[in-house]
Amino acid sequence: MTATEQPLLVAEGLSKNYGARIGCRDVSLEVYPGEVLAVVGESGSGKSTLLSLLSTELAPTSGRVSYRLRDGALTDLASLGAAERRLLMRTDWGFVRQNPAEGLRMAVSAGGNVGERLMAVGWRHYGNIREEALDWLGRVEIAGDRIDDDPRAFSGGMRQRLQIARNLVTRPRLVFMDEPTGGLDVSVQARLLDLIRGLVTDLGLAVIIVTHDLAVARLLSHRMVVMRQGRVIETGITDQVLDDPREPYTQLLVSSVLAV
Amino acid sequence: MYVAAKGGEKAIRNAHALLAKRRRGNENLPSIGLDQIAAQLTLAVDRVMAEGSLYDIELASLAVKQARGDLIEAIFLIRAFRTTLPRFGNAQPLDTSRMLVRRRVSATFKDLPGGQLLGPTFDYTHRLLDTALGGGENGDISGDSPVASGGDIGDIPAAPVAMPRVTDLLGQEGLIEASPADDGAEPFDITRAPVAYPVDRATRLQTLARGDEGYLLALGYSTQRGYARSHPFVGEIRFGDVEVIFEVPELGFEVSLGTVQVTECQMVNQFKGSAEVPPQFTRGYGLVFGQCERKAMSMALVERALRWKELGEEQSAPAQDEEFVLSHCDNVQATGFVEHLKLPHYVDFQAELDLVRRMRAEHEAEMKEAAE
Amino acid sequence: MSASDVGGMPQITYNFAYLDEQTKRMIRRAILKAIAVPGYQVPFAAREMPMPYGWGTGGVQVTAAVLGRDDVLKVIDQGADDTTNAVAIRGFFEKTARVATTTSTTEATVIQTRHRIPETKLREDQILVYQVPIPEPLRFLEPRETETRQLHALAEYGLMHVKLYEDIARHGHIATTYAYPVEVAGRYVMDPSPIPKFDNPKMDDSPALQLFGAGREKRIYAIPPHTKVRSLDFEDHPFKVQRFAKPCALCGATGAYLDEVILDDKGGRMFVCSDTDFCNTRQEEGHRGEMGA
Ligand SMILES: [Zn+2]
């Protein structure tokens, strides 16, 4: 990442209210190509709302999100039609969810899960789709002979790896991740984080990852933002924020992790 | 030589003759009269009118008789008749505050203008089989005409009277949300136009009003058991006669078309308020032809559950799923489609049979190959 | 309908073909729209009919809307004119429209069908009306109407291919045998109603107008004459129809769809044409199968 590079995604003044409750308040941020940005905070801090806003799953009460399309133009996502936005979501973006049941088709085989995006963009050769699916299963360390099993037969870690393969098969430039290691055993988490780190580097992916786990942020991200009560209270290079937090709340977060 | 089975026509004729015979039953007994059905099976007739969406006691009685007491079949008969009726226009909205009340209870206020009026209800009867009724006698009067519990309310008035609605009383203080104002627009008519989701209030209420009582009962019950809990109180249930007013465009004045009996339920629910609205009570609404109290209450519970989005609540339960709830509540649609499974599916089954045979043959060949 | 009081109960008479003229006009408008946008499911205000939902209310309404006094109507179910539901629907129109009816495919001008397309090639002066239980081809992949409407609007049919992919992965071939999805005029993916996929090729470039009515789901769709209808498949797993090992036992026809008839409890069975008119006509012409007289 160089300073001369232009941002891939820009959020300006994003706010979201749920009735009287505030989900997100005046958030602005930028993500650059190949950069991993971690959004950290406690549950209820608004980080999941922010992720939904950035990925256009939720419409903001105010503010906007812009994305640099493949033609190089930074475009307000609200100005795209439904068809363009959906095409973007299933080709140039990925979304890895904490609960694999939300990110996978649980009753569809692993091969079908990976192949869906390919078929959605017009692949119509069964043999080629299968070959590509096999290749991606290999990259996420799922044995090829599991290609016809459905994810219900998979362990938690395997399901997350399958979700990643399903998302990356169209070579997206930006992937959203919502607590991708949540609920997994520590050893499984470590393996998954290694895998994600490798893929991100190999493919030059930009990632926006939401996590409550500062260790995950430390391991994966270049930069991080800290959220509290719907606001971004601190932002910076990950190591700097974690080693030398400025805000008292961030200090508390960091020290509580260290204390455990 | 093989001759393919024929005679569908004859089979149908015979089946229908047999049906007519079974309907008539023992011919030594008098045939049951429509006046008897209308007078003595009132609640069955009411349900047929409510879910048949047609207020006609005589035709509903006929339908009950023709359907041998199968109420969904009777509702079906009424619907098939109703669909052919020409539409002259829309009546004015019923003004239930001017209802001549035959029964009225509120669970939220002990005493209120007009009082509590139990009227004809099964409530507080002992559910003991009354053998006196079996003998054609009048039965145990004390169990049939319950009196109000608690206090001096519940007198049986000499004639039905009008009384203010509880929600109007609460509404004066702004404690309860107001009814949406009548914008004068012609309401969507689910029997004349295809429904597209999401739907507006009129569509939701119409669909629920003709929805299956049992289905709505189960869904309403589920909200009480924690699946989209809404903390309901019966603000008021009232049953009585309401005048139907029709404005004749050609004449430019209103005429009364007569009265219909309806049951109205106003469920009062908690609401925490939002950025725009201060804390207040919200409402679930039920209105049904005839005396169909269980249905009106269930409808009100489900109606309220379906309003989660508008009130900024979270969706977590089946009763809140608009498309699911509304697209499955019509029992005529449901029974038709479930029962169509009785129709022949020879052709499709043949295709499946063929496939299974082929797959078994392939499987066998594979096993053989593996063994060799 | 009109009602007049005679002796207390109203006397009821019905309009030509049961439905009132306004309703028929509404249905015709939906049909015209459906023809203009081939394969697109047009919502229409389906009326409640005197037969149950799922038993052909959609087809009956479409037939009622297109039927004229000079039409000759044929009704089939499972390919046969004498199945009970076909008899009941034919009787309904005989009673309410007093139109001529026939069992002959060539004599009919309007053919209402459930589950089959006649074997005899249709002509351009004929209309084939299908009874449709579930018009939405994506329904079992995505139950929500709000979502499937989007998928159709954006022509996002990847999900449909996932289903076919799964079939091949599990069974080695596409295991959908009826209601096999088709792409109409290169745009909309459509459910052809539960006809066996054997009949799918007959929809392609058919000279007859094909109308589809779903009463409970309140949808009408259409394939105009001479429209491209393609059954979905993969390049390396092309669409194929089932073939029967033996000819019809009665008329000796090959290449027709056959029903299996169980003759006894010792495994004795025979295969005969499901299209009774086709089979009878052939027998009248002197064709004989191995069990024909
Ligand atoms: Zn034959």
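In the text below, chain A, chain B and the rest are named by the order of the sequence lines, each starting its count at 1.
Using a distance-only test at 3.5 Å, with no hydrogens or angles considered, no donor-acceptor pair links the side chain of Glu116(A) to the main chain of Gly158(C).
For Arg243(C), the CZ atom counts as loosely surrounded, since its 6.0 Å shell holds 12 or fewer non-hydrogen atoms of other residues, nucleotides or ligands. Other residues, nucleotides and ligands place no more than 12 heavy atoms under 6.0 Å from the CD atom of Glu131(A). Applying the 6.0 Å contact sphere to CZ of Arg97(A) captures more than 12 heavy atoms from other residues, nucleotides or ligands. A 6.0 Å sphere centred on CD of Glu57(A) holds more than 12 heavy atoms belonging to other residues, nucleotides or ligands.
In this pair, Tyr165(C) and Tyr126(A) present their aromatic rings tilted. The plane angle is within the 30 to 60° band.
The shortest non-hydrogen separation linking Met119(A) to Val162(C) is SD-N, 3.7 Å. When all heavy atoms of Glu166(C) and Ser109(A) are compared, the closest pair comes out as OE2-OG, 2.6 Å. Between Gln150(C) and Ala82(A), the closest heavy-atom pair is OE1-CB, 4.5 Å.
Residue Arg105(A) holds its CZ atom at 4.5 Å from CG of Leu159(C), rounded to the nearest 0.5 Å. Rounding to the nearest 0.5 Å places CG of Leu87(A) at 10.0 Å from CG of Leu154(C). Glu235(C) CD to Arg124(A) CZ: the interatomic distance, rounded to the nearest 0.5 Å, is 9.0 Å.
Counting heavy-atom pairs closer than 4.5 Å to chain C, the top-ranked of the candidates Leu118(A), Asp148(A), Asn113(A) is Asp148(A).
Proximity to chain A (any heavy atom under 4.5 Å) is restricted, for His237(C), to the side chain, taken from C-beta onward. For Arg90(A), the part lying near chain C is the side chain, with the backbone staying farther off; criterion is any non-hydrogen pair under 4.5 Å.
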